[in-house]
A.B. asks: 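Structure incoming, see below.
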Amino acid sequence: MSSTPVIELREVSRRYDDGPPALHHASLTVRPGEAVAILGPSGSGKSTLLNLIAGLDRPDEGTVTVDGVRVDGLGEAGAARFRRAKVGMVFQFFHLLDDLTVADNVALPAQLAGTPRAAAHRRAAELLEDLGIDRYSGAYPGTLSGGQRQRVAVARALMNRPPLLLADEPTGALDSVSGEEVSRLLRELHAEGQTVVLVTHDLALARSCTDRTVELVDGRIASDTAATGAGPLSRSAR
Ligand code: ADP
């Protein structure tokens, strides 16, 4: 029995103005429970790919389907709704709201999706406990360390139980100890069945928390490899 892919990119191309294609006929399938690292040098198309998956940008050609939703055709409001329901995002610089408490930051995505405040805060409390940061729930993000802030950002990303967790250089702004904590957290989430896509140029991070590596070079998927050394995986939609 085959399950619906969490991500299905078919022959996706994106070109900005007069430059070379930022993505060129990229096809990629990510199945539920996979943890995939997108690697590649600066300018290879990683952010472009991430933005297309998150519905923050539209391809010039090809289709982007996430958990059964055709993302490439969504308007702005539809894309915002899609993101709230389907994608949790974690960024290098956390993007927490400094004038809200930790609990309010984490509960916010559920409240934006229409969950009543009390229920949203119950779930936020559970998540903060699961991630070992419940003692900070009344604190403001500015008083926390980078590693603690990133845990809060991960809790917020998981708030609406998204089928997909997208992490963009989540340890890029952290010292090595905090980076290792966040890396361990991603590993644990993957072990619990969360589908994770991690964009990074940190090979060690990719190896430690994903089981598949997709390498972009000049906007093309140059390799797609299982981390076990089992060899290249088949790419879909050739
Ligand atoms: P990466 O995330 O791997 O560094 P990007 O996806 O940001 O790569 O960029 C891929 C290519 O697209 C680069 O050549 C970059 O200069 C170009 N590019 C990215 N965003 C824009 C934009 N908004 N306008 C014009 N060119 C862009």
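Please read these numbers as outputs of a predicted model, since none were measured by experiment. In each ligand, atom 1 is the first atom listed, and ligand 1 is the first ligand listed.
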A.B. asks: So do the side chains of Leu39 and Thr200 get within less than 4.5 Å of each other, counting heavy atoms only?
C.D. replies: yes
A.B. asks: At a 4.0 Å cut-off, with the gap strictly under it, does some heavy atom of Pro41 reach an atom of ligand 1?
C.D. replies: yes
A.B. asks: Report yes or no: does Ser44 have a heavy atom closer than 4.0 Å to ligand 1?
C.D. replies: yes
A.B. asks: Please confirm whether Gly19 approaches ligand 1 to less than 4.0 Å, judged on its heavy atoms.
C.D. replies: no
A.B. asks: Starting from atom 12 (O) of ligand 1, which protein heavy atom do you reach first, and at what distance in Å?
C.D. replies: Ala22 CB, 3.3 Å
A.B. asks: Heavy-atom distance under 4.5 Å between the side chains of Val214 and Leu49, does that happen here?
C.D. replies: no
A.B. asks: Show the atoms of ligand 1 that are less than 4.0 angstrom away from any heavy atom in Lys46.
C.D. replies: 1 (P), 2 (O), 3 (O), 4 (O), 6 (O), 8 (O)
A.B. asks: With the threshold set strictly below 4.0 angstrom, can you tell me whether any protein non-hydrogen atom sits that near atom 27 (C) of ligand 1?
C.D. replies: yes
A.B. asks: Any carboxylate oxygen within less than 4.0 angstrom of a Lys/Arg side-chain nitrogen, looking at Asp130 and Arg151?
C.D. replies: no
A.B. asks: Which heavy atom of the protein is the closest neighbour of atom 13 (C) of ligand 1, given with residue, atom name and distance?
C.D. replies: Gly43 O, 3.7 Å
A.B. asks: Within the 4.5 Å heavy-atom criterion, are Leu108 and Met159 side-chain neighbours or not?
C.D. replies: no
A.B. asks: Can we say Glu180 and Arg187 salt-bridge, meaning some charged N sits less than 4.0 Å from an Asp/Glu carboxylate O?
C.D. replies: yes
A.B. asks: Looking only at protein heavy atoms, which one is nearest to atom 19 (C) of ligand 1, and how far off is it?
C.D. replies: Tyr16 CE1, 3.3 Å
A.B. asks: For ligand 1, which atoms sit closer than 4.0 Å to a heavy atom of Ser47?
C.D. replies: 1 (P), 2 (O), 6 (O), 7 (O)
A.B. asks: Can you pull out the closest protein heavy atom to atom 8 (O) of ligand 1? Residue, atom name and distance to 0.1 Å, please.
C.D. replies: Gly45 N, 3.1 Å
A.B. asks: Consider only side-chain N and O atoms of Thr195 and Glu34, and report whether a donor and an acceptor are under 3.5 Å apart.
C.D. replies: no
A.B. asks: Does any non-hydrogen side-chain atom of Ile38 lie less than 4.5 Å from one of Leu50?
C.D. replies: no
A.B. asks: Determine whether more than 12 heavy atoms belonging to other residues, nucleotides or ligands lie under 6.0 Å from atom CZ of Arg84.
C.D. replies: yes
A.B. asks: Identify the closest protein heavy atom to atom 6 (O) of ligand 1: which residue and atom is it, and at what distance?
C.D. replies: Thr48 OG1, 2.6 Å
